[in-house]
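Accompanying notes for the structure given below.
Chain naming here is simple, since letters A, B, ... match the order of the sequence lines and numbering starts at 1 in each. Worth saying up front: this structure is predicted, and the values here are computed from it rather than measured.
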Number of protein chains: 2
Amino acid sequence: MDKLSPVDLSTLHERVYSRLREAISQGDFVPGEVLTIRTVAASLGTSSMPVRESLRRLVAEKALVQLANRSIAVAPFDLALFGELIRIRMAIESMATRYAAQKRTPELISRLTELNERMKAAVHDKDVEALLDSNKTFHFTIYAAAEMPQLFEIIQGLWLRTGPYLRAAYRSVPGAERHFLDGTRVHARVIQALEAGNAQRAGANIALDIGFTARRFGPMIAQLYGKPDESAQTTVA
Amino acid sequence: MDKLSPVDLSTLHERVYSRLREAISQGDFVPGEVLTIRTVAASLGTSSMPVRESLRRLVAEKALVQLANRSIAVAPFDLALFGELIRIRMAIESMATRYAAQKRTPELISRLTELNERMKAAVHDKDVEALLDSNKTFHFTIYAAAEMPQLFEIIQGLWLRTGPYLRAAYRSVPGAERHFLDGTRVHARVIQALEAGNAQRAGANIALDIGFTARRFGPMIAQLYGKPDESAQTTVA
DNA sequence: ATCTGTGATGCGTGATCACACATAAAACTA
DNA sequence: TAGTTTTATGTGTGATCACGCATCACAGAT
């Protein structure tokens, strides 16, 4: 009687959480959009209880923010905050890369080169979604190799907060693929440094990768999703 | 008509959250202890609803863990995890210190020297509680000076997870004050480096401070709170 | 024309309940 | 007596409801 595959025994609020997290991560919501419990519950076909807990968890992870009204909204874009997060990401992700360099294996190198090839192909095909996915996978493959689960989760939290903006920018900037052609070159240098066991150079290039894309798309994001006053300033200036 | 001070408009689950967080941070619970919703609710005089949300938030912040049974417990001590958190703390907090060095002011230097004097006095008085508080305040005064709120909150999260163990160790190790005599000396070097604007040296000394205390008390914690198998291994070895 | 009180509506918050599952004590069988 | 089944207790989960607060539109007053 072992014909039965194991049933999904996750709780409802876990599934709701995953769905919401995925949606936020992919930039499906516009920054600042208010999420009401009842509405989300209705559209997901559940009661409000699981939605409440999911929203509160996402607020704790700072993917969502709680307004003074006590309503919950997608984190609005803030250029200063974005800049700080990028600086933190540069420091933390290059640290993870340095650790990964110490634990490198031939398998890691070959997997990374393969992922970078896939990314080049996505650039050629102008397939934005595949591009973003291969880029993300490339980075997280390195961070996983560091074998520091806590650090890995911190990085995941940071991607959850910066990812949506970058995805939105990529999608709306015409010819954004060109930028990633340079990205694959930086990735190649990362692979090279990892293979040589040069932790410093590998980490520096990861930081370069992050900082470069942020500088390239940051102002674009501010224009897309900036607060009224910010965009007003931009328009005036 | 400005005689009226603003009333407290926090929600119940926020207050419950604060209470629990404070209790965890001070090591009032023993690692691994199971917290049942109904029990906590009863002892706090509320219904289960605010407790549920607080517990879930603390799980999201990894101060508590969710067991396979779905019950929620205080995070048990795990030496490998503790070691990783310390390594992360060394990297991140020294980074924050380097940023603080760039934004140093005379007021910061004088406040830090004052805090360090208070810490010396606590060592002399063998006042463990005052010792821990002045130490924590010293560190966070530096991190606040970096003016990177997101980084500050990440560090707070890391202290929430390593703090309880260290506090417990300090309290149970006889003559733990002696260790902090060395701590004040390291702190003095941090102040010196900050005053001189030597970001690298300031950061390195903060890392030294963290790593040193962790190495000093880590094994002690393992013996106090380690899992049965771990402590058995320790006893055998 | 501007400001202010009033009502309606929608939402978050917290209490309560029914249910399912886990654990362990108790009863039963071999 | 040892192993197995049954029962009982307790706990998390999710649904539902009552309440209070925030927001907005509208009407009346200044």
What's the spacing between [X] [atom1] and [Y] [atom2] if we round to 0.5 Å?
{"X": "B:R21", "Y": "B:E61", "atom1": "CZ", "atom2": "CD", "result": "5.5 Å"}
{"X": "A:I210", "Y": "A:H139", "atom1": "CD1", "atom2": "NE2", "result": "6.0 Å"}
{"X": "B:Q156", "Y": "B:F140", "atom1": "CD", "atom2": "CZ", "result": "5.5 Å"}

Starting at atom [atom1] of [X], determine the distance to atom [atom2] of [N], rounded to an integer number of angstrom.
{"X": "A:L67", "N": "D:dC21", "atom1": "CG", "atom2": "P", "answer": "19 Å"}
{"X": "A:Y17", "N": "D:dG14", "atom1": "OH", "atom2": "P", "answer": "16 Å"}
{"X": "A:E53", "N": "D:dT13", "atom1": "CD", "atom2": "P", "answer": "7 Å"}
{"X": "A:L12", "N": "D:dG12", "atom1": "CG", "atom2": "P", "answer": "18 Å"}
{"X": "B:M49", "N": "D:dC17", "atom1": "CE", "atom2": "P", "answer": "16 Å"}
{"X": "B:I37", "N": "D:dT13", "atom1": "CD1", "atom2": "P", "answer": "6 Å"}

| said: For A:R70, I'd like to know if atom CZ has over 12 heavy atoms of other residues, nucleotides or ligands within 6.0 Å. | reply: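 For A:R70, atom CZ is crowded (more than 12 foreign heavy atoms under 6.0 Å).
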| request: Map A:T46 and B:L9 onto DNA chain D by nearest heavy atom, then report which one ends up closer to the 5' terminus. | output: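 That would be A:T46.
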| query | For the residue pair B:F82 and B:F77, does the interplanar ring angle fall in the parallel (under 30°), tilted (30 to 60°) or perpendicular (over 60°) class? | reply |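 Taking B:F77 first and then B:F82, their aromatic rings sit tilted (interplane angle of 30° to 60°).
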| request: Ignoring backbone atoms, establish whether B:Q66 has a side-chain N or O less than 4.0 Å from OP1 or OP2 of D:dT13. | output: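 Checking D:dT13 against B:Q66, a side-chain N or O does come within under 4.0 Å of OP1 or OP2.
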| said: Below the 4.0 Å mark, does C:dG14 have OP1 or OP2 next to a side-chain nitrogen or oxygen of B:H13? | reply: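 It does, given that an N or O in the side chain of B:H13 lies less than 4.0 Å from OP1 or OP2 of C:dG14.
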| request: For B:L35, answer base if it contacts any base atom (sugar-phosphate contacts may also be present), sugar-phosphate if it contacts only those atoms, and nothing otherwise; contact means non-hydrogen atoms under 4.0 Å. | output: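 Sugar-phosphate: the residue B:L35, judged by heavy atoms under 4.0 Å, touches backbone atoms but no base.
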Set out, line by line, the N/O atom pairs under 3.5 Å between protein and nucleotides 17-23 of chain C.
from	atom 1	to	atom 2	distance (Å)
C:dT23	OP1	B:N69	OD1	3.4

| said: Using the ring centroid of each side chain, check whether A:H179 and A:Y170 are separated by less than 6.0 Å. | reply: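 Aromatic pair excluded; centres sit 6.0 Å or further apart.
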| Cationic tip of B:R56 within the cone over A:Y17's six-membered ring, i.e. under 6.0 Å and within 45° of the normal? |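 That pair does not qualify as a cation-pi contact.
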| Which of the following nucleotides, C:dG14, C:dC11, D:dG14, is nearest to the side chain of A:P50? |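 Minimum distance to the A:P50 side chain belongs to D:dG14.
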